Amino acid sequence: MRFKLTFDIEPVEQARPRARRFRQGIMMYDPPKVKNFKAKLHDMAKYLYPGEPLEKELAVEIWFYRSVQKSISKVERRRRLTGINGPTVKPDLDNYIKSCLDALNGVLWKDDNLITTITAHKIYAEEPRIEIEVQEK
């Protein structure tokens with residue numbers, strides 16, 4: 001099985017978890033921005049992929065299309081949108097991957113530990129989105 005999905009959502013990087021004291025221990029939680037992103041992406045995936053979560057070994061390719069910063073010149077903006085200058089700024093690609101894979105657990109796949117091969121791309125675009133291609137091995 002092989003399929004590709006597009007999510008019209010701005011990619012959000014996985015941030016360090018926050019901690020707070022809870023009775024005798026410590027409770028860890030995601031910052032609100034990350035928590036909201038994961039919930040929204042999870043719901044979008046449920047809508048776009050009505051099937052059962054995959055349970056076999058998987059190969060995944062992800063394209064993160066992020067918006068261009070507003071504080072740059074028109075010339076630099078054009079360079080970034082045409083691919084001459086890539087997004088070599090924070091957030092890091094691995095943080096995008098982590099938040100995305102966590103959000104899709106239980107919808108596209110049973111758990112992200114089934115993914116044995118992953119390819120990811122960070123690209124500038126006018127319309128931010130996430131595209132993901134999943135293939136069973």
Side-chain angles (χ1 to χ4, degrees):
M1 171 181 256
R2 180 187 197 125
F3 60 90
K4 186 172 183 178
L5 299 173
T6 300
F7 302 100
D8 294 324
I9 186 172
E10 176 89 36
V12 173
E13 72 280 6
Q14 178 66 48
R16 291 187 187 274
R18 306 296 192 256
R20 75 171 180 210
R21 292 187 187 275
F22 184 75
R23 295 187 183 148
Q24 302 294 0
I26 297 176
M27 185 176 95
M28 303 296 287
Y29 62 95
D30 280 330
K33 181 179 175 183
V34 177
K35 182 180 177 184
N36 293 339
F37 166 77
K38 286 181 180 180
K40 188 172 181 182
L41 185 60
H42 187 88
D43 291 344
M44 291 171 85
K46 278 185 178 178
Y47 178 77
L48 293 173
Y49 182 77
E52 291 296 313
L54 302 172
E55 296 188 39
K56 295 182 179 175
E57 184 179 345
L58 302 172
V60 174
E61 187 163 7
I62 309 172
W63 293 265
F64 297 100
Y65 294 91
R66 57 168 290 173
S67 52
V68 180
Q69 298 87 336
K70 293 181 176 151
S71 60
I72 59 171
S73 69
K74 289 180 183 178
V75 172
E76 180 60 22
R77 179 178 178 77
R78 192 170 29 256
R79 285 183 184 144
R80 291 181 183 193
L81 289 173
T82 57
I84 294 171
N85 292 348
T88 56
V89 296
K90 291 193 179 275
D92 299 345
L93 183 58
D94 60 322
N95 292 328
Y96 277 147
I97 294 168
K98 181 69 175 147
S99 64
C100 182
L101 297 184
D102 285 350
L104 299 174
N105 275 340
V107 181
L108 300 186
W109 43 74
K110 190 172 181 178
D111 191 76
D112 55 2
N113 64 1
L114 296 168
I115 300 169
T116 58
T117 305
I118 189 162
T119 307
H121 313 272
K122 184 170 64 165
I123 305 162
Y124 284 122
E126 288 282 355
E127 298 295 322
R129 65 191 181 279
I130 298 171
E131 294 178 3
I132 184 164
E133 185 173 329
V134 180
Q135 179 180 355
E136 287 183 334
K137 285 183 152 188

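Heads up: numbering here begins at 1 and tracks the sequence. Note that the structure is a prediction, hence the values are computed from the model and not measured.
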- Side-chain donor or acceptor of D92 paired with backbone N/O of D94 under 3.5 Å: no
- Item | Minimum-distance pair of heavy atoms, taken over all atoms of L54 and L114 | O-CD1, 3.4 Å
- Query: How far does OG1 of T119 sit from CD1 of I62, to the nearest 0.5 angstrom?
  - Reply: 9.0 Å
- Tell me, which pairs form a ring-ring contact (aromatic ring centres under 6.0 Å, His included) where one or both residues lie in residues 45-89, sequence neighbours left out? F3-Y49, W63-H121, F64-Y96
- What residues, two or more places apart in sequence or in another chain, satisfy salt bridge (Lys or Arg N to Asp or Glu O under 4.0 Å) together with K137? E57
- How many angstroms lie between CD in E61 and OG1 in T117, if you round to the nearest 0.5 Å? 11.0 Å
- Query: Considering all heavy atoms of both residues, which atom of L48 and which atom of T6 are nearest to each other, and what is their separation?
  - Reply: CD1-O, 3.4 Å
- Kindly write out the residues that satisfy side-chain hydrogen bond (donor to acceptor under 3.5 Å, both in side chains) with K90, not counting sequence neighbours, or none if the list is empty. none
- Sequence-distant partners of E127, side-chain hydrogen bond (donor to acceptor under 3.5 Å, both in side chains), two or more places apart: none
- Task: Using the test salt bridge (Lys or Arg N to Asp or Glu O under 4.0 Å), find all partners of E52 that sit at least two apart in sequence or belong to another chain.
- Result: none
- Message: Just so I know, are the side chains of I132 and L104 near enough to count as touching, which here means a heavy-atom distance under 4.5 Å?
- Response: yes
- Message: Return the CG to CG distance between N113 and L101, rounded to the nearest 0.5 Å.
- Response: 11.0 Å
- Note on the structure: Contacts of Q135 meeting side-chain hydrogen bond (donor to acceptor under 3.5 Å, both in side chains) (sequence neighbours excluded), chain-then-number -> R2
- Message: Connecting only ILVMFWY residues whose side-chain heavy atoms lie within less than 4.5 Å of each other, what is the rest of M28's hydrophobic cluster?
- Response: I26
- Message: Any heavy-atom pair between the side chains of L108 and L5 that's under 4.5 Å?
- Response: yes
- Message: If I compare all heavy atoms of L93 with all of A120, which pair ends up nearest, and what's the gap?
- Response: CD2-O, 3.8 Å
Distance-only donor-acceptor hits, side chain of residues 78-89, under 3.5 Å, sequence neighbours excluded:
from: R80; atom 1: NE; to: E76; atom 2: OE2; distance (Å): 2.8
from: R80; atom 1: NH1; to: Q69; atom 2: OE1; distance (Å): 2.7
from: R80; atom 1: NH1; to: Y124; atom 2: OH; distance (Å): 3.4
from: T82; atom 1: OG1; to: R78; atom 2: O; distance (Å): 2.9
from: T82; atom 1: OG1; to: R79; atom 2: O; distance (Å): 3.2
from: N85; atom 1: ND2; to: E76; atom 2: OE1; distance (Å): 3.0
from: N85; atom 1: ND2; to: E76; atom 2: OE2; distance (Å): 2.9

- Item | Pair listing, ring-ring contact (aromatic ring centres under 6.0 Å, His included) test, anchored in residues 18-41, at least two apart | none
Name every donor-acceptor pair, under 3.5 Å, that has one atom in a side chain of residues 8-19 and the other anywhere in the protein, sequence neighbours excluded.
from: E10; atom 1: OE1; to: S67; atom 2: OG; distance (Å): 3.4
from: E10; atom 1: OE2; to: S67; atom 2: OG; distance (Å): 3.4
from: Q14; atom 1: OE1; to: K38; atom 2: NZ; distance (Å): 2.9
from: Q14; atom 1: NE2; to: D30; atom 2: OD1; distance (Å): 3.0
from: R18; atom 1: NH1; to: R16; atom 2: O; distance (Å): 2.7

- Contacts of K98 that satisfy side-chain hydrogen bond (donor to acceptor under 3.5 Å, both in side chains) - sequence neighbours left out: D102
- Query: Which residues pass the salt bridge (Lys or Arg N to Asp or Glu O under 4.0 Å) test with K4, sequence neighbours left out?
  - Reply: E131
- How many angstroms lie between atom NZ of K110 and atom CD of E55, to the nearest 0.5 angstrom? 4.5 Å
